[in-house]
Amino acid sequence: MPVEQSDAIVFFGASGDLAYKKIFPALQAMVRRGRLDRPVIGIARRDWNLEQFRARVRDGLAHQVGFDAQAFAKFSRLLRYVCGDYREAATFERLRKELGAAASPLYYLAVPPSMFATVVEGLTKAGCVKDARVVIEKPFGRDLSSAQALNRTLHASFPEHAIFRIDHYLGKEPVQNLLYFRFANPLFEGVWNSRHIERVQITMAERFGVAGRGRFYEEAGAIRDVVQNHMLMMIACLTMSEPTVNDREAIREARASALKTIRPLKPSDVVRGQFRGYRQEHGVALDSQVETFAALRVYLDSDRWTDVPFHVRVGKCLPVTATEVLIEFKRPSCPILDEHEPPLADYIRFRLGPEVVIALGAKFKRPGEAMVGERTELVARHGSGDDMDPYERLLGDAMRGDAMLFAREDAVEAAWRALDPILRTATPLYEYEPNTWGPREADGLIGSDGWHNPEGTL
Ligand code: NDP
């Protein structure tokens, strides 16, 4: 029987970038909301004592979210630190001691992917995995076969219900809203299919480059870094069938089923780009073939989505930082009364960041004698309020054993299966100027009316 609530959090990679930027703030927010009162054990190679670790946490919080003395006082009491190399059994013996009476910890593996197996084996040999849960950071492998190997390693020590593959995109409020909006408004769900939808565009644009993480990026590239996980998950959220039962696992099942219908991409379905200057970044090879931009055309092999192209575009050093989904409906087939052309198509625009907007592009009659119209947007903005950071949300869910917003084994493998053909083939790499929308060649993937470029934030 799965345990109810994890009774400690152990995070590997406690001295790393992700812990500093995301995990410390998420944990403190949980403490502040009264959602965490269990020991929090950081574990890394850095030769720190507990006071030095607390100072690091404090520093991280001050830089990321501002220092809150009251919350930190509570959080700091929960902190413990274990120093050691993950390749040494003694490290796990020390961890075991530090766990004390905790019988069902949550292990968060914020470590380089090459260390996943080492840590899991270390925990297993030290007898630390019974009734435990494990959170794995992306990337979940580099391709289908390495993802399958990682899943085998994990399953040797943890049952699937105890494995939480974190894709923080799924924890984002506007991504959850994609699902809620669809299933809570039958008005739209009725037209959510290839009979009414012409095509879908998804753009995830970043103004910044690799921000000093060139070495990491060289191992990944845009397709592995954000398409395999965030973008394909988004396609799954946009296309999955409505679960037939009101059950959290049914959502995972529907998401995985949608991913399994993605037709494996062909080299002609992708255009890769690299911004001029990337090869001069620290940690980047002078002849690097890694893409910082990718445009893809994705089809689903399902009756519901026959022949609807999903045009995905991700990139660094683009003109704005924005993530947007555009659902374009089919145009009316003939002009209306005094018009000479059929009216423009309707659309729904989901702006997922930096601000959250849902807009409906629809036509209205222009005032006057003639029966002609114009397209206007009906816009709903979501006030930011006290939104929960995705990491806070997901860590809390993992501690409770709620896996709805985590990627299941078959979903991860289905995503790799779709992309494997283009990862295994050397496709051309086109250079583009920073502050542009990527290489011109990307225009060839989409029809004559071109890509929808999201606007920047004013
Ligand atoms: P870092 O390189 O910054 O940190 C790695 C951590 O692992 C450090 O705490 C390091 O300890 C520890 N470590 C590595 N090898 C050993 C070892 N043999 N023994 C003990 N400790 C070891 O990585 P990130 O924090 O950037 O990333 C961690 C994971 O999160 C990766 O899988 C990454 O892909 C993923 N990720 C990161 C994001 C980010 O924004 N940083 C975003 C999304 C995912 P020490 O420093 O003491 O040697």
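Order of appearance sets the numbers: ligands from 1, and atoms from 1 within every ligand.
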Is it the side chain (CB and beyond), the backbone, both or neither of Lys21 that lies under 4.0 Å from ligand 1, heavy atoms counted?
side chain
Check this for me - ligand 1, Gly16, N or O atoms closer than 3.5 angstrom, yes or no?
yes
Once the angle between the rings of Phe24 and Phe53 is folded into 0 to 90°, is it parallel (under 30°), tilted (30 to 60°) or perpendicular (over 60°)?
perpendicular
Polar contact flag for Val111 and ligand 1 (N/O pairs, less than 3.5 Å)
yes
Near Met115, which atoms of ligand 1 are under 4.0 Å from a heavy atom of that residue?
15 (N), 18 (N)
May I ask you to check if Arg58 and Phe67 form a cation-pi contact, with NZ or CZ under 6.0 angstrom from the six-membered ring centre and within 45° of the axis?
yes
Going by distance only, is there an N or O of Ser15 that falls short of 3.5 Å from an N or O of ligand 1?
yes
Would Leu18 count as a polar contact of ligand 1, with the cut-off being nitrogen or oxygen pairs under 3.5 Å?
yes
Ligand 1 contact on Arg213 by region, counting heavy-atom pairs under 4.0 Å
side chain
Could you see which bit of Glu137 sits under 4.0 Å from ligand 1, with heavy atoms only: side chain, backbone, both or neither?
side chain
min-distance protein heavy atom vs atom 14 (C) of ligand 1 -> Arg45 NH2, 3.8 Å
Atoms of ligand 1, numbered as shown, that sit under 4.0 Å from any heavy atom of Gly84:
19 (N), 20 (C)
Can you figure out which of Ala211, Ala110, Ala19 has its heavy atom closest to atom 28 (C) of ligand 1?
Ala110
Tell me whether atom 7 (O) of ligand 1 lies less than 4.0 Å from at least one protein heavy-atom position.
yes
Decide whether the shortest distance between a heavy atom of Phe216 and an atom of ligand 1 is less than 4.0 Å.
yes
Where ligand 1 meets Ala14 - atom numbers and elements under 4.0 angstrom, heavy-atom basis:
9 (O)
